[in-house]
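First, the structure itself, so that you have it in front of you.
Keep in mind that the numbers below use all heavy atoms, side chains included, and drop hydrogens, waters and symmetry copies. Numbering of ligands and ligand atoms starts at 1, following listing order. Everything quoted here is computed from the prediction, not taken from an experiment.
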Amino acid sequence: MALPEHTRELRGQVRAFLTDAIGRGSITTNADNWLGGVDPALSRALGARGWLGMSYPVEYGGRGASALDRFVVTEELLAAGAPVAAHWIAERQMAPSILRWGTEEQKARFVPGVARGELYFAIGMSEPDSGSDLASVRTRAERVAGGWRVNGTKIWTSNAHVSHYLMALVRTEPLDPARRHAGLSQLIIDLAADGVTVRPIVSLDGAHHFNEVVLQDVFVPEADLLGTPGNGWTQCTSELALERSGPERVLSTLPLLSAWVAAIRAGERTADAHDRVVIGELVARLSVLRQMSLAVAAELAAGSSPGDVSRGDVTVEAALVKELGTRFEGELAEQVRRQLPYGPALAGSALSSVLATAVLHAPGFTLRGGTNEVLRGVVARGLGLR
Ligand SMILES: Cc1cc2nc3c(=O)[nH]c(=O)nc-3n(C[C@H](O)[C@H](O)[C@H](O)COP(=O)(O)OP(=O)(O)OC[C@H]3O[C@@H](n4cnc5c(N)ncnc54)[C@H](O)[C@@H]3O)c2cc1C
């Protein structure tokens, strides 16, 4: 499908802004920078230009634009490898979730800050013994005067150390083995609250991106419960469709391919026949995957609502984008690595640095946001096979 004509101008503006920022050295680009590159100054600059929360209603700081306008902006940010991790999760799924399930007071309190690129959220789903089987979460919230008291541990919490809030999935009623998805709720937890400890987990490349978040007798006011108590599973799964379908599930390693092609064009590297075949195949696959991600954005723009079958659910399509897209991202890193044998010509170059990031981050691509095995199960259910 083709994007509407008016998005051409928008794409040009974003690209010019990024080219200028890269040229001046005011941002540092890399592969997988939508999760690894935290740069609040860039997030605020994007917010000031109206390029965050574009599809949110105007009264909450958005522009009332379509999901396709947002798609164009996110695609340019990802293709450039811009460091957008500070605001990414808040803008992609938390503000939309608050707009869908939240109270008027919550919408007014949280959404404009997200659109300005100033308010950041982390995802509090996984726990030490609950990942794929998310319904088994054991973090508990008990009712107390004026709100909830929360105890438990979340893990693999991306960028919690630079976020203001955690959107936590918690158990508010005891587990009923016959109705495992019931009794869960979502709480918006202030990461600066008493009883919250954010501990770093250092990745194999030495970066601090993950955290363990320990919640010990944390008081959460009633006003910070999202949606309805007991409806957490439905709310969470509708959020996952937004998390899974975006171009970041296809483009995380595009900066590596671009850096390789740029080095060839600049005469810094030669390309033999096999190199050209590999590049051609990668670009062909990329074009197909991009169309799939774009098709989901078009469904969202047309009013489809993730997780709501009455409004054209896109849960299965989102799972397909992520399953195929994340495999592609990893294979891109592996194929480029094979074509670029290490040696003096590569050592210390910009290409070598982006290659190292892509290779070291690749193991996480098919895990984050739900593993590919689990996504295949979602697709099977959509086909009526489970
Ligand atoms: C880079 C990265 C960032 C992340 N960021 C966050 C974050 O910000 N917030 C957050 O909450 N979590 C985050 N996660 C955690 C992620 O969501 C989990 O790792 C993922 O859901 C898998 O859970 P697990 O690690 O417990 O593995 P498990 O669920 O224990 O799975 C282990 C293996 O068993 C397979 N398996 C499990 N169940 C099934 C099944 N039913 N059918 C077939 N195979 C199955 C899995 O596919 C996997 O291969 C992140 C993970 C990564 C890698």
Exercise. Taking NZ, NE, NH1 and NH2 as the nitrogens, is one of them in Arg24 or Asp20 under 4.0 Å from a carboxylate oxygen of the other?
Worked result: yes

Kindly print each ligand 1 N/O atom paired with any protein N/O atom under 3.5 angstrom away, one pair per line, or none if nothing qualifies.
residue: ligand 1; atom: 5 (N); partner: Trp156; partner atom: O; Å: 3.0
residue: ligand 1; atom: 5 (N); partner: Ser158; partner atom: OG; Å: 2.8
residue: ligand 1; atom: 8 (O); partner: Trp156; partner atom: O; Å: 3.3
residue: ligand 1; atom: 8 (O); partner: Ser158; partner atom: N; Å: 3.0
residue: ligand 1; atom: 8 (O); partner: Ser158; partner atom: OG; Å: 3.2
residue: ligand 1; atom: 9 (N); partner: Ile123; partner atom: O; Å: 2.8
residue: ligand 1; atom: 11 (O); partner: Ile123; partner atom: O; Å: 3.4
residue: ligand 1; atom: 11 (O); partner: Met125; partner atom: N; Å: 3.0
residue: ligand 1; atom: 11 (O); partner: Ser126; partner atom: N; Å: 2.7
residue: ligand 1; atom: 11 (O); partner: Ser126; partner atom: OG; Å: 3.2
residue: ligand 1; atom: 12 (N); partner: Ser126; partner atom: OG; Å: 2.8
residue: ligand 1; atom: 17 (O); partner: Ser126; partner atom: OG; Å: 3.4
residue: ligand 1; atom: 23 (O); partner: Ser132; partner atom: N; Å: 3.4
residue: ligand 1; atom: 29 (O); partner: Ser132; partner atom: N; Å: 2.9
residue: ligand 1; atom: 29 (O); partner: Ser132; partner atom: OG; Å: 2.6
residue: ligand 1; atom: 47 (O); partner: Thr371; partner atom: OG1; Å: 2.6
residue: ligand 1; atom: 47 (O); partner: Glu373; partner atom: OE1; Å: 2.7

For this session: Could you tell me whether Asp224 and Arg109 make a salt bridge, using a distance below 4.0 angstrom between a side-chain N and a carboxylate O?
Result: yes

Exercise. Do the ring planes of His164 and Tyr120 sit parallel (below 30°), tilted (30 to 60°) or perpendicular (above 60°)?
Worked result: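 If you compare the ring of His164 with that of Tyr120, the planes turn out tilted.
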
Problem set entry | Asp69/Arg11 salt bridge by N-O under 4.0 Å criterion | no

Problem set entry | Residues forming a ring-ring contact (aromatic ring centres under 6.0 Å, His included) with Tyr60, sequence neighbours excluded | none

For this session: Using the rule that two of Ile, Leu, Val, Met, Phe, Trp, Tyr join whenever any of their side-chain heavy atoms come within less than 4.5 Å, decide whether Leu119 and Trp51 are in one cluster.
Result: yes

